[in-house]
Q: 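Dropping a structure here in structure tokens format, bear with me for questions.
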Amino acid sequence: MFQSQSAKGMFALAAMSLISGTTASLETCASSTAFSCASSSTSPTCCFNYPGGALLQTQFWDTSPSTGPSNSWTIHGLWPDNCDGTYQASCDSKRAYTNITAILQDQDLGDLVDYMDDYWVDINGANEDFWSHEWSKHGTCINTIEPSCYSGYKAQEEVGDFFQRTVDLFKTLDTYKALSAAGITPSTSKTYTLSAIQKALTTLHGASVYLGCSSGKLNEVWYFYNVKGNAIDGTYKAVDTLTTSSCPTTGIKYVPK
């Protein structure tokens, strides 16, 4: 399945606790650190995401075949973006790990693996391949979690941080619940407008989102952020989508799993 600002949201993310204390050895960033994308002249550091300055938490609604719980979207990934809709990919072949489950279990993150098996799932059932793909293509391009950004670095420490942070973000973005609250529920007969879906998810996120459709069926959402500090324990600020949605303006299907 290699598919591709509200204050409330900001404070919730800034206060969000991280499991296992995995960020303890990342470089501490000063409060004066700028938000990513704030200045094109800012150089890449362990406290400034660059050139992939924006970060996206991306989700799927897979129905053919269905993946994940019937009342939840699933995780696609956490992607760096160059603040203009373009992005780097596969930035470090030496860290293109293919044993993600083993890495996470070695870091006492077995509960995280269990959660990912339910909510970060491949359409063909190849979860391990999917996770490896997301890490190699996108995770290795987040400069603020490179090994040099850690003190007392432990091998593959950044991998656990990446997957934990992605899951933590996902848990704050309950797409299914937000749509349901707006009266937008999966149906074999109803259709919805782009503006209604966008309004519901903008309310959730605090900024506009990218909505993806395939054959008129809603199947993707991307939530964009700028980050102050590193990608793991930095402050996330919701920002408007950098990419134009691929859904029609009306007649959007949101079919059940």
Q: side-chain hydrogen bond (donor to acceptor under 3.5 Å, both in side chains), that's the test. Do Thr175 and Tyr223 meet it? Break it down for me.
A: CA-CA 10 Å; Thr175 301; Tyr223 296 94; 2.7 Å; yes
Q: Ignoring hydrogens, what is the shortest heavy-atom contact between Val121 and Asn127? Give both atom names and the distance.
A: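 Where Val121 meets Asn127 most closely, the heavy atoms are CA-OD1, 3.4 Å.
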Q: Testing the basics here: between Gly212 and Cys247, what is the closest heavy-atom pair and its distance to 0.1 Å?
A: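 Answer, listing the atom of Gly212 first, then Cys247: C-SG, 3.5 Å.
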Q: Hey, are the side chains of Met116 and Val167 touching, using non-hydrogen atoms and a 4.5 Å cut-off?
A: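 A side-chain contact under 4.5 Å exists here.
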Q: Mark yes or no for whether Trp61, through its side chain, and Val221, through its backbone, hold a donor-acceptor pair below 3.5 Å.
A: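 Looks like no, no N/O pair under 3.5 Å.
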Q: Could you check whether any side-chain N or O of Asp81 sits under 3.5 Å from a backbone N or O of Asp84, counting only pairs where one atom can act as donor and the other as acceptor?
A: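 Between the backbone of Asp84 and the side chain of Asp81 there is a qualifying donor-acceptor contact (under 3.5 Å).
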Q: Could you check whether any side-chain heavy atom of Ile197 comes within less than 4.5 Å of a side-chain heavy atom of Leu179, counting everything from C-beta outward?
A: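 Result yes, sub-4.5 Å side-chain heavy-atom pair found.
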Q: Which heavy atom of Cys83 sits nearest to which heavy atom of Ala54, and what is that distance?
A: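 Minimum heavy-atom contact is SG-N, 3.7 Å.
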Q: Give the ring-plane orientation class for His205 versus Tyr225, where under 30° counts as parallel, over 60° as perpendicular and anything between as tilted.
A: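 The rings of His205 and Tyr225 stand perpendicular, inter-plane angle above 60°.
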Q: I need the Asp92 CG to Ile142 CD1 distance, nearest 0.5 Å.
A: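 If we round to the nearest 0.5 Å, Asp92:CG and Ile142:CD1 are 13.0 Å apart.
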Q: Provide the closest heavy-atom pair for Pro80 versus Gly52 in the form atom of the first, atom of the second, distance.
A: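 What the structure gives for the nearest pair is CB-O, 3.8 Å.
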Q: Same cluster or not: Phe162 versus Tyr115, using hydrophobic residues (I, L, V, M, F, W, Y) connected whenever any side-chain heavy atoms lie under 4.5 Å apart?
A: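 Linked within one cluster.
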Q: Are the side chains of Val209 and Thr241 in touch, meaning some heavy atoms are under 4.5 Å apart?
A: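 In short, these two side chains do not touch, never coming nearer than 4.5 Å.
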Q: Has Asp240 got a side-chain atom pairing as donor or acceptor with Ala207's backbone, closer than 3.5 angstrom?
A: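 Absent.
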Q: Please round to the nearest 0.5 Å and tell me the distance separating atom CG of Leu169 and atom CG of Leu56.
A: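 CG of Leu56 is found 11.0 Å from CG of Leu169.
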Q: Run the numbers on Ile145 and Tyr150 for side-chain contact (heavy atoms from CB on, under 4.5 Å), then give the verdict.
A: CA-CA 8 Å; Ile145 61 170; Tyr150 289 78; 4.2 Å; yes
Q: Using the ring of each side chain (for Trp, its six-membered ring), is Trp222 parallel, tilted or perpendicular to Trp79, with breaks at 30° and 60°?
A: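 Trp222 and Trp79: perpendicular rings.
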Q: Can you confirm whether more than 12 heavy atoms, excluding those of Lys228, are under 6.0 Å from its NZ atom?
A: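 Counting other residues, nucleotides and ligands, NZ of Lys228 exceeds 12 neighbours.
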Q: Give a yes or no answer on whether the side chain of Ser151 reaches the backbone of Ser25 with a donor-acceptor pair at less than 3.5 Å.
A: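 Yes, Ser151 side chain to Ser25 backbone: donor-acceptor pair under 3.5 Å.
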Q: Just checking Tyr87: does its OH atom have more than 12 heavy atoms from other residues, nucleotides or ligands closer to it than 6.0 angstrom?
A: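 Counting neighbours around OH of Tyr87, 12 or fewer heavy atoms of other residues, nucleotides or ligands fall under 6.0 Å, so no.
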Q: Measure the shortest side-chain to side-chain distance between Leu211 and Leu201 over non-hydrogen atoms and say whether it is less than 4.5 angstrom.
A: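 Yes - at least one pair of side-chain heavy atoms lies under 4.5 Å apart.
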Q: Any side-chain heavy atom of Ile100 within less than 4.5 Å of one from Phe130?
A: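 Counting from C-beta outward, Ile100 and Phe130 never come under 4.5 Å.
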Q: I would like to know whether Thr98 and Glu128 meet side-chain contact (heavy atoms from CB on, under 4.5 Å); could you show each step before the answer?
A: CA-CA 8 Å; Thr98 58; Glu128 183 77 20; over 6 Å; no
Q: Which heavy atom of Ala238 sits nearest a heavy atom of Gly206, and at what distance?
A: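 Heavy-atom minimum between the residues: CB-C, 4.4 Å.
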Q: Please tell me whether Trp131 and Tyr119 are part of a single hydrophobic cluster in this structure, the criterion being side-chain heavy atoms less than 4.5 Å apart.
A: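 Shared cluster, yes.
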Q: For a side-chain contact (heavy atoms from CB on, under 4.5 Å) check, start with the C-alpha distance between Gln107 and Phe163, then their side-chain angles and the critical distance, and finish with the verdict.
A: CA-CA 12 Å; Gln107 296 177 17; Phe163 284 98; over 6 Å; no
Q: Could you walk me through whether Ser246 and Tyr210 pass the side-chain hydrogen bond (donor to acceptor under 3.5 Å, both in side chains) check?
A: CA-CA 8 Å; Ser246 64; Tyr210 166 84; 3.2 Å; yes
Q: How long is the gap from CZ on Phe60 to CG on Asn219, to the nearest 0.5 Å?
A: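 That separation rounds to 7.5 Å.
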Q: Would you say Tyr176 and Pro69 make side-chain contact, with heavy atoms under 4.5 Å?
A: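 Heavy-atom side-chain distance check fails, nothing below 4.5 Å.
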Q: Could you tell me whether the side chains of Thr144 and Asn230 share a donor-acceptor contact shorter than 3.5 Å?
A: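 Per modelled atom types, Thr144 and Asn230 side chains form no pair under 3.5 Å.
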Q: Would a 4.5 Å heavy-atom cut-off, applied to side chains only, mark Glu146 and Asn143 as touching?
A: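 Yes. Closest side-chain heavy atoms under 4.5 Å.
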Q: Measure the OG1-CD1 distance between Thr67 and Ile75 for me, rounded to the nearest 0.5 Å.
A: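 Thr67 OG1 to Ile75 CD1: 11.0 Å, rounded to 0.5 Å.
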Q: Are Asp62 and Lys257 close enough, and set up right, to give a side-chain contact (heavy atoms from CB on, under 4.5 Å), and what steps lead you there?
A: CA-CA 7 Å; Asp62 285 324; Lys257 290 187 179 182; 5.6 Å; no
Q: What class does the angle between the rings of Trp73 and Tyr254 fall in, given that below 30° is parallel, 30 to 60° is tilted and above 60° is perpendicular?
A: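 Rings of Trp73 and Tyr254: tilted, as their planes differ by 30° to 60°.
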Q: In this structure, is the centre-to-centre distance between the rings of His76 and Phe170 below 6.0 Å?
A: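 No, too far apart.
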Q: Measuring from atom OG1 of Thr86 to atom CG of Leu242, what distance do you get when rounded to the nearest 0.5 angstrom?
A: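 Interatomic distance, Thr86 OG1 to Leu242 CG, rounded to 0.5 Å: 9.5 Å.
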Q: How close do Asp233 and Arg165 get, heavy atom to heavy atom, and via which atoms?
A: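 Looking at all heavy atoms of both residues, the shortest contact is CA-NH2, 4.2 Å.
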Q: Determine if the SG-SG distance between Cys47 and Cys29 falls under 2.5 Å.
A: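 A disulfide is present here, as the SG pair of Cys47 and Cys29 is separated by less than 2.5 Å.
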Q: Do Asp106 and Gln156 have side chains that get closer than 4.5 Å, going by heavy atoms?
A: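 With C-beta onward as the side chain, the pair stays apart.
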Q: At what distance, to the nearest 0.5 angstrom, does CG of Asp161 lie from OG1 of Thr166?
A: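 Here the rounded value is 10.5 Å.
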